[in-house]
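What follows is a single structure, written as structure tokens, with notes after it.
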Number of protein chains: 2
Amino acid sequence: MNYEMIFKALGEYTRIKIIKLLAYKAMYVCELESVLNMSQPRISQHLKILKHANLVRDEKEGQRSVYSLNKELIHDVFSQFTGFLDMPLESLSGFEQEYERIQRLNNDPEVICCKNSGDK
Amino acid sequence: MNYEMIFKALGEYTRIKIIKLLAYKAMYVCELESVLNMSQPRISQHLKILKHANLVRDEKEGQRSVYSLNKELIHDVFSQFTGFLDMPLESLSGFEQEYERIQRLNNDPEVICCKNSGDK
DNA sequence: TAATAATATTATTATACAATTATATACCAA
DNA sequence: TTGGTATATAATTGTATAATAATATTATTA
């Protein structure tokens, strides 16, 4: 689960509006266009970003595309990120070096940083 | 609750690392600096963004600052955003025009968009 | 098959963001 | 009160992102 990509996709006003509308109901691009009163390329490009983050799905219907919200992913990313924060550091891939450096800090705070009185 | 600001703050790799470390324990800037092995201004600037989003708090301790994670906000933003998605459109401030345009679409699909056969 | 509709993609431009370097501020200790 | 430590801010540069305008692609229909 790529938190950075998903939160980045969520962190933009136009995309939040699109997500909210798709939460209401699945829509064609042209419907989003009229409802949001925004240009078609603008909508399409934001939909592309949301799709890459797996936040929406699309289905071809002739010449149209119906976009729908992937609510499960939103639920999952929230619960998994909460779990990620609660997980012990030493068991997290991607934090090996950080965990090592924290251990070194715990053992010998003077050497690494905060030269004066290493205890808070 | 400013979803855009909060999700944007969450959507960056360095900040995710900082958040994870602060979830482990509150830390000084200089500790984050050594643990993440990143420059001090880089850390400080990301902390500033996180603080503006209310994701972290800081407390002065002499010349140092202890930063700690605001876990409640993370929990709140997740649950409130889920609620936001489930909320009926008509009761949402900021979606008045969109709601109106959707109603118009429902009444007369031909006029607004998707010229050919307005039903999916 | 020509014309149009719906969507996607590309090019361009302007703005936002991240990282670095340099500097400033505040606190502490000798 | 001088020197050093911890943090913050400012200036700069490079990259990423968003919006628009223009074009391409695909499906539909006349």
Side-chain angles (χ1 to χ4, degrees), chain A residues 4-18 22 26-53 56-68 105 109-120, chain B residues 4-18 22 26-53 56-68 105 109-120:
Chain A
E4 185 182 10
M5 190 183 207
I6 296 172
F7 286 133
K8 194 164 286 182
L10 289 173
E12 207 274 339
Y13 189 61
T14 302
R15 290 194 288 270
I16 291 176
K17 289 207 131 184
I18 291 176
L22 295 183
M27 292 194 205
Y28 299 125
V29 178
C30 63
E31 288 182 295
L32 287 169
E33 199 183 333
S34 353
V35 172
L36 287 169
N37 197 30
M38 291 174 185
S39 74
Q40 178 266 315
R42 182 172 169 186
I43 303 284
S44 278
Q45 286 173 97
H46 283 299
L47 285 171
K48 192 179 184 179
I49 290 168
L50 291 171
K51 192 181 166 184
H52 278 143
V56 304
R57 307 186 184 292
D58 66 333
E59 202 185 337
K60 267 282 174 203
E61 274 191 19
Q63 61 188 137
R64 303 181 185 171
S65 300
V66 196
Y67 280 85
S68 56
L105 265 190
E110 316 298 324
V111 181
I112 315 280
C113 88
C114 305
K115 308 256 163 67
N116 310 325
S117 83
D119 45 354
K120 41 170 178 298
Chain B
E4 184 183 11
M5 190 183 208
I6 296 172
F7 286 133
K8 194 165 286 183
L10 289 173
E12 206 274 339
Y13 188 61
T14 302
R15 290 194 288 270
I16 290 177
K17 288 208 131 184
I18 291 175
L22 295 183
M27 291 196 205
Y28 298 126
V29 178
C30 63
E31 287 181 296
L32 287 168
E33 199 183 331
S34 351
V35 172
L36 286 169
N37 198 30
M38 292 175 184
S39 74
Q40 178 265 315
R42 182 172 169 186
I43 303 284
S44 278
Q45 282 170 44
H46 283 299
L47 286 171
K48 192 179 184 179
I49 290 167
L50 292 170
K51 193 180 165 186
H52 278 142
V56 304
R57 306 186 185 292
D58 65 334
E59 203 185 337
K60 267 281 173 202
E61 274 190 20
Q63 61 188 137
R64 304 183 186 168
S65 300
V66 198
Y67 279 85
S68 56
L105 265 190
E110 315 298 323
V111 180
I112 316 280
C113 88
C114 304
K115 310 255 163 67
N116 311 326
S117 79
D119 47 353
K120 43 171 177 298

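Heavy atoms only: backbone and side chains are in, while hydrogens, waters and symmetry mates are out. Below, chains carry the letters A, B, ... as their sequence lines are ordered, and counting in each starts from 1.
When rounded to the nearest whole Å, the span between CD of A/Q63 and C1' of D/dA27 equals 5 Å. Distance CG (B/L32) to C1' (D/dA8): 15 Å, rounded to an integer number of Å. Rounded to whole angstrom, the span from the NZ atom of B/K48 across to the C1' atom of C/dT25 amounts to 14 Å. If you take CG of B/L47 and P of C/dA19, they are 13 Å apart, rounded to a whole angstrom. A/K51 places its NZ atom 13 Å from the P atom of C/dT7, with the value rounded to the nearest Å. B/Y67 places its OH atom 11 Å from the C1' atom of D/dA6, with the value rounded to the nearest Å. When rounded to the nearest whole Å, the span between CD of A/E33 and P of C/dA5 equals 13 Å. Rounded to an integer number of Å, the gap from CD of A/Q40 to P of D/dT23 is 15 Å.
At the heavy-atom level, B/I49 lies under 4.0 Å from the strands shown only through sugar-phosphate atoms.
Here the closest heavy-atom approach between residue B/T14 and residue B/H46 is recorded as CG2-CD2, 3.5 Å. When every heavy atom of A/I6 is checked against every heavy atom of A/A53, the shortest pair comes out as CG1-O, 3.9 Å. A/I43 and A/M38 make their closest contact through CD1-CB, 4.0 Å (heavy atoms, listed as atom of the first residue, atom of the second, distance). B/K60 and B/S65 get closest at one heavy-atom pair: NZ-OG, 3.5 Å.
Between A/S44 and C/dT7, a side-chain N or O to OP1/OP2 separation shorter than 4.0 Å is absent. Residue B/H46 places at least one side-chain N or O under 4.0 Å from the OP1 or OP2 atom of C/dA19. The side chain of B/S65 places no N or O atom within less than 4.0 Å of a non-bridging phosphate oxygen (OP1 or OP2) of D/dT7.
Both A/R42 and A/G62 lie close to DNA chain D; mapped to their nearest nucleotides by heavy-atom distance, the more 5′-ward contact belongs to A/R42. Where A/S39 and A/K60 meet DNA chain D, the nucleotide closest to each residue was compared, and A/S39 sits on the side nearer the 5' end.
For C/dA18, its base never sits under 3.5 Å from the side chain of B/Q45 at any donor and acceptor pair. Within 3.5 Å, no donor on the side chain of A/E61 pairs with an acceptor on the base of C/dT7, nor the reverse.
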Before giving the answer on side-chain contact (heavy atoms from CB on, under 4.5 Å), spell out for B/V29 and B/L47 the whole-Å C-alpha distance, their side-chain angles and the decisive distance to 0.1 Å.
-> CA-CA 9 Å; B/V29 178; B/L47 286 171; 3.9 Å; yes
Start with the C-alpha distance between A/L22 and A/M27, add both sets of side-chain angles, then the distance that settles side-chain contact (heavy atoms from CB on, under 4.5 Å), and finish with yes or no.
-> CA-CA 7 Å; A/L22 295 183; A/M27 292 194 205; 4.1 Å; yes
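Within residues 4-16 of chain B, the residues having any heavy atom under 4.0 Å from DNA chain C are, by residue number, B/K8, B/E12, B/T14, B/R15.
Across every strand in view, D/dT15 sits in a pair with C/dA16 that passes the Watson-Crick or G-U test at under 3.5 angstrom.
Tested against B/V56, the residues B/K48, B/R15, B/K51 include a single side chain to side chain contact (heavy atoms under 4.5 Å, CB included) partner, B/K51.
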